[in-house]
Asker: 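Following this message is one structure expressed as structure tokens.
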Amino acid sequence: MNTSLSDMCGHVTVAFFMSAALQVAIWLSLEGPSDPNTHSDPLETIDLRRRVNLGWLYYGMLKKDSTLMIVNFIGASLQSLYIFTYFRYAKEKRRVLLQTLVLACVLCVAWVYFSMVVPQGDTQLSQLGLACSVFTVSMYLSPLTDLVEIVRTRSVERLSFPLTVATFFTSTSWTLYGLQLQDFYIMVPNTPGIVTSLIRFFLFWHFGAVSRDSLPYRLIQT
């Protein structure tokens, strides 16, 4: 394993997580206790990213890959903190709490399935890798509806250029990492991140820069 590439994956991804967390902190300092339904990601999107992190964390544990474990532990921790923040400022706390409990039960069922039902060894690793790949691709493709809206309105104000750059480098580094390991479960699902980032770069070039005076909730969309 090339240590420099492994370190690059870790540093770039952690920087991506921290940049997203910083923008959440900026939003909180500016907006205060407002309705997260209009100023933050939907809870389903937050949980999708957390499932991606937890899945890859488990995958890294099975492969004994410290890079996967450390990076995705940090990511899962930040997503959990974000869910707590969402709950803190939500007006309909009962609905958010119920939704969070349901999503937690889904994670528990998935853990039981991959830990106790699926035979250990290559079968367990391949099925878990496939599930992680599906969730990762879903995460990268989820903003496509926003891209359609951007083309329709000819405005890129709902995009964040710094996070687009971070997504591009994160996706590229993990694609190269998977290629080096000959692990297609890591390489293939990160390719859409490169493609969607290039599409965003084109939109920034075509429709102009984002206004620096606005901080819409979409700036944490990955």
Side-chain angles (χ1 to χ4, degrees), residues 2 4-24 26-27 40-42 44-46 48-53 55-56 59 67-68 71-72 74-75 78-79 129-212 214-222:
N2 190 318
S4 61
L5 183 55
S6 175
D7 291 342
M8 183 181 72
C9 288
H11 294 156
V12 169
T13 309
V14 170
F16 167 75
F17 290 148
M18 297 308 296
S19 64
L22 178 61
Q23 294 200 47
V24 172
I26 293 174
W27 163 69
S40 65
D41 281 326
E44 294 85 351
T45 304
I46 304 170
L48 174 61
R49 292 199 292 264
R50 186 176 62 163
R51 278 181 286 174
V52 169
N53 290 135
W56 286 118
Y59 187 81
T67 301
L68 282 172
V71 167
N72 286 286
I74 294 174
L78 288 174
Q79 296 304 326
L130 180 60
C132 290
S133 298
V134 171
F135 283 124
T136 302
V137 171
S138 300
M139 179 185 70
Y140 283 129
L141 296 183
S142 59
L144 285 181
T145 54
D146 281 348
L147 299 184
V148 173
E149 182 67 16
I150 288 168
V151 172
R152 188 185 68 83
T153 61
R154 304 181 65 84
S155 172
V156 289
E157 288 192 359
R158 63 176 60 221
L159 289 181
S160 167
F161 187 77
L163 280 182
T164 300
V165 174
T167 301
F168 174 76
F169 282 110
T170 301
S171 304
T172 302
S173 61
W174 283 110
T175 299
L176 294 175
Y177 187 67
L179 179 63
Q180 183 184 61
L181 297 180
Q182 292 296 299
D183 191 327
F184 293 99
Y185 295 121
I186 297 176
M187 181 181 68
V188 174
N190 282 285
T191 304
I194 301 175
V195 176
T196 56
S197 295
L198 292 175
I199 293 175
R200 293 184 193 187
F201 285 136
F202 172 77
L203 293 176
F204 277 114
W205 171 80
H206 189 67
F207 295 123
V210 176
S211 173
R212 296 183 179 181
S214 60
L215 285 171
Y217 77 88
R218 294 293 185 180
L219 80 164
I220 55 176
Q221 184 77 32
T222 59

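The first residue in the sequence is number 1, and the count goes up from there. Everything numeric in this text was worked out from a predicted model, so none of it was measured.
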Asker: So Tyr140 and Ile194, do their side chains get closer than 4.5 Å, heavy atoms only?
Answerer: no

Asker: Mind listing the closest non-hydrogen atom pair of Tyr185 and Trp56 along with its distance?
Answerer: O-CH2, 2.9 Å

Asker: Write down the atom of Ser173, the atom of Met8, and the distance for their closest heavy-atom approach.
Answerer: CB-CE, 3.6 Å

Asker: Could you walk me through whether Asn53 and Leu78 satisfy the side-chain contact (heavy atoms from CB on, under 4.5 Å) test, starting with their C-alpha distance in whole Å, then the side-chain angles of each, then the deciding distance to 0.1 Å, before giving a yes or no?
Answerer: CA-CA 10 Å; Asn53 290 135; Leu78 288 174; over 6 Å; no

Asker: Relative to the ring of Trp174, is the ring of Tyr177 parallel (under 30°), tilted (30 to 60°) or perpendicular (over 60°)?
Answerer: perpendicular

Asker: I'd like to check the ring pair (Phe, Tyr, Trp, His ring centres under 6.0 Å) partners of Phe169; sequence neighbours left out, ordered by chain and number.
Answerer: none

Asker: Working to the nearest 0.5 angstrom, can you tell me the gap between Leu176 CG and Cys9 SG?
Answerer: 7.5 Å

Asker: What are the two closest heavy atoms between Met187 and Thr175, and how far apart are they?
Answerer: CG-O, 3.5 Å

Asker: Return the minimal non-hydrogen interatomic distance between Thr167 and Gly193, and the atom names on each side.
Answerer: CG2-O, 4.3 Å

Asker: Output the distance between atom CG (Asn190) and atom OG1 (Thr170), rounded to the nearest 0.5 Å.
Answerer: 9.0 Å

Asker: Measure the OG1-CZ distance between Thr136 and Arg51 for me, rounded to the nearest 0.5 Å.
Answerer: 11.5 Å

Asker: Hey, could you give me each pair passing salt bridge (Lys or Arg N to Asp or Glu O under 4.0 Å) that has a residue in residues 170-193? Not counting sequence neighbours.
Answerer: Lys63-Asp183

Asker: Under the rule for ring pair (Phe, Tyr, Trp, His ring centres under 6.0 Å), what residues qualify as partners of Phe201, not counting sequence neighbours?
Answerer: Phe161, Phe168

Asker: Does some side-chain heavy atom of Leu179 sit less than 4.5 Å from a side-chain heavy atom of Gln182?
Answerer: yes

Asker: Please round to the nearest 0.5 Å and tell me the distance separating atom CD1 of Ile199 and atom CZ of Phe204.
Answerer: 13.0 Å

Asker: Taking Ser133 for its side chain and Pro189 for its backbone only, find out whether a donor-acceptor pair lies under 3.5 Å.
Answerer: no

